[in-house]
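Have a look at the structure below before the remarks.
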Amino acid sequence: MENVLESIGVTKNYAGKAAVENVSLKLETGLVYAMLGPNGSGKTTWMKMVAGLVKPGKGEILYKGKAIGKESKKEIAYMSTEPYFYSWMTVADVGRYYQDFFEDFDMDKYTKLIADMELRMEDKANKLSSGMAAKLKIAATLARAAKLYLLDEPLNGIDIIAREKIITTIINAVDDESTVVISSHLVDELEAVVDSVIFIKEGRNILQGEAEQLREQHSKSIVELYKEIYA
């Protein structure tokens with residue numbers, strides 16, 4: 001398969017401490033990746049660098065062989081953990097905002113995703129519960145026809161009953177030509193649907209590979225590997 005993204009020795013320091021340290025990895029087109037690790041392990045910082053919001057201190061990130069920049073941002077959809085909608089916005093306003101901002105935004109797809117997420121267009125974004133606000137962010141991000149989706153902790157705030165449906169919605173919303181990276185510390189829900197796994201610990205990618213191969217090599221589930229690595 002073709003590599004859509006390559007991270008080469010990427011390091012980022014904050015106040016003299018490495019948030020990401022020497023991370024090298026490749027993402028292949030059409031696969032779903034789980035980037036696993038507890039809060040503070042460096043997942044968010046790495047995603048922000050790929051999205052072009054933060055510059056690496058060392059190393060480089062290549063999207064389709066070229067440096068991250070204006071052109072790559074047109075094809076990379078990043079969903080952050082932080083809320084980023086204006087207080088006056090309704091769910092419908094969020095869709096119009098994205099439509100104005102991103103050329104690849106599909107309003108019809110957004111409308112369907114909003115219905116799937118059991119949201120209403122007239123709902124005010126700042127009045128939503130944490131779980132419903134998380135669903136709104138997911139819908140807005142997935143409504144883009146991106147080639148690389150970066151979903152940072154998309155299950156945060158979503159109750160355990162709804163998580164499986166959300167994961168299924170994410171997988172079904174992207175086509176075979178797109179790559180998805182889902183960062184999370186909630187491993188159970190992701191193990192059954194991801195193709196490949198990246199374990200991040202203290203800013204380093206300490207283990208990565210195809211999910212099935214990792215299970216065979218270590219004779220353990222991804223959940224068991226997670227517990228072993230981060231215990």
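T29 OG1 to N3 CG: the interatomic distance, rounded to the nearest 0.5 Å, is 7.5 Å. Note: N205 CG to L36 CG = 12.5 Å, rounded to the nearest 0.5 Å. In this structure, the separation between CG on L190 and CE on M35 is 12.5 Å, given to the nearest 0.5 Å. Atom-to-atom distance recorded for L148:CG and K73:NZ is 14.0 Å, nearest 0.5 angstrom. To the nearest 0.5 Å, atoms CE (M49) and CG (L150) are separated by 11.5 Å. Between W46 atom CH2 and I61 atom CD1 the span is 6.5 Å, to the nearest 0.5 Å.
For D100 (side chain) and Y97 (main-chain N/O), no donor-acceptor pair under 3.5 Å exists by modelled atom type. For the pair D159 (side chain) and A162 (backbone), a donor-acceptor distance under 3.5 Å is present. Of the possible polar contacts, one joining the E224 side chain to the S221 backbone as a donor-acceptor pair under 3.5 Å is found. When atom types are taken as modelled, the side chain of R163 and the backbone of I158 share a donor-acceptor pair closer than 3.5 angstrom. Of the possible polar contacts, none joining the Y78 side chain to the T141 backbone as a donor-acceptor pair under 3.5 Å is found. The backbone N or O of V23 sits less than 3.5 Å from a side-chain atom of S7, completing a donor-acceptor pair. Although no hydrogens or angles enter the test, the distance criterion places no donor-acceptor pair under 3.5 Å between the side chain of R204 and the main chain of S41.
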Dump the intermediate steps for side chain to side chain contact (heavy atoms under 4.5 Å, CB included) on T169 and I138, then the final yes or no. CA-CA 9 Å; T169 300; I138 293 169; 5.8 Å; no
What's the verdict on salt bridge (charged side-chain N to carboxylate O under 4.0 Å, His left out) for E82 and K137, showing C-alpha distance, side-chain angles and the deciding distance? CA-CA 10 Å; E82 301 92 352; K137 290 194 298 180; over 6 Å; no
Let me see the working for T45 and Y14 under side chain to side chain contact (heavy atoms under 4.5 Å, CB included), right down to the final yes or no. CA-CA 10 Å; T45 299; Y14 290 110; 4.0 Å; yes
Chi angles and distances behind the side chain to side chain contact (heavy atoms under 4.5 Å, CB included) call for L142, N172: CA-CA 10 Å; L142 294 179; N172 290 340; over 6 Å; no
Test log, rule salt bridge (charged side-chain N to carboxylate O under 4.0 Å, His left out), inputs E153 and K43: CA-CA 9 Å; E153 298 285 358; K43 306 186 300 298; 3.5 Å; yes
Stepwise side chain to side chain contact (heavy atoms under 4.5 Å, CB included) check, V91 with R120: CA-CA 7 Å; V91 172; R120 299 176 304 173; over 6 Å; no
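Counting heavy atoms from C-beta on, the side chains of E189 and L155 come closer than 4.5 Å. Contact check for L128 versus L119: side-chain heavy atoms found under the 4.5 Å cut-off. D195 is not listed as a side-chain neighbour of Y33, based on a closest heavy-atom distance of 4.5 Å or more. Proximity of V4 to Y63: side-chain heavy atoms (C-beta onward) are separated by under 4.5 Å at one or more points. Annotation: side chain of N126 is not in contact with side chain of T90 (no heavy-atom distance under 4.5 Å). Between I114 and M121, the closest side-chain pair of non-hydrogen atoms falls below 4.5 Å. Under the 4.5 Å side-chain criterion, counting only non-hydrogen atoms from C-beta, L5 is not in contact with T179. Under the 4.5 Å side-chain criterion, counting only non-hydrogen atoms from C-beta, R144 is not in contact with K109.
Classification of K112 and D108 as a salt-bridged pair fails, no side-chain N sitting under 4.0 Å from a carboxylate O. A salt bridge between E191 and R215 is present, with a side-chain N of the basic residue lying under 4.0 Å from a carboxylate O of the acidic one. Ion pairing between E71 and K74 holds under the 4.0 Å rule for side-chain N and carboxylate O. E21 has no carboxylate O lying under 4.0 Å from a charged side-chain N of K201, or vice versa, which leaves the two without a salt bridge.
Ring centroids of Y230 and Y226 are separated by less than 6.0 Å, placing the two rings close together.
Connection of L62 to I198 is not established within any shared hydrophobic cluster, with ILVMFWY side chains joined at heavy-atom distances below 4.5 Å, either directly or through further cluster members. Hydrophobic clustering (ILVMFWY, side-chain heavy atoms < 4.5 Å, transitive): L186 and I160 are in distinct clusters. Linking ILVMFWY side-chain heavy atoms closer than 4.5 Å, directly or via other members, places W88 and M132 in a single hydrophobic cluster. Linking Ile, Leu, Val, Met, Phe, Trp and Tyr residues whenever their side-chain heavy atoms come within less than 4.5 Å leaves V10 and I8 in two separate clusters. One hydrophobic cluster, built from ILVMFWY side chains closer than 4.5 Å, holds both F101 and M89.
Side-chain contact, S178 with D175: a donor N or O sits under 3.5 Å from an acceptor N or O. Of the N and O atoms on the side chains of T44 and D152, at least one donor lies less than 3.5 Å from an acceptor on the other residue.
Here the closest heavy-atom approach between residue A134 and residue N156 is recorded as CB-O, 3.6 Å. Closest of all the heavy-atom pairs between Y110 and L136 is OH-CD1, 3.3 Å. Scanning all heavy atoms of the two residues, the minimum distance from G52 to I68 falls at CA-CG2, 3.6 Å. Residues I182 and P154 approach most closely at CG2-CG, 3.6 Å, considering heavy atoms. Residue L151 comes nearest to M47 through the heavy atom pair O-CE, 3.7 Å, listed as atom of the first residue, atom of the second, then distance. Pairing each heavy atom of N22 with each of G9, the nearest pair is OD1-CA, 3.3 Å.
Heavy-atom contacts from other residues, nucleotides or ligands closer than 6.0 Å to CD of E28 number more than 12. Around CD of E122, the count of heavy atoms belonging to other residues, nucleotides or ligands within 6.0 Å exceeds 12. Environment of CD in E202: sparse, with no more than 12 heavy atoms of neighbouring residues, nucleotides or ligands closer than 6.0 Å. Applying the 6.0 Å contact sphere to CD of Q217 captures more than 12 heavy atoms from other residues, nucleotides or ligands. For CD of E177, the number of neighbouring non-hydrogen atoms (other residues, nucleotides, ligands) closer than 6.0 Å is 12 at most.
A tilted orientation is assigned to the rings of Y98 and F102, their planes being inclined by 30° to 60°.
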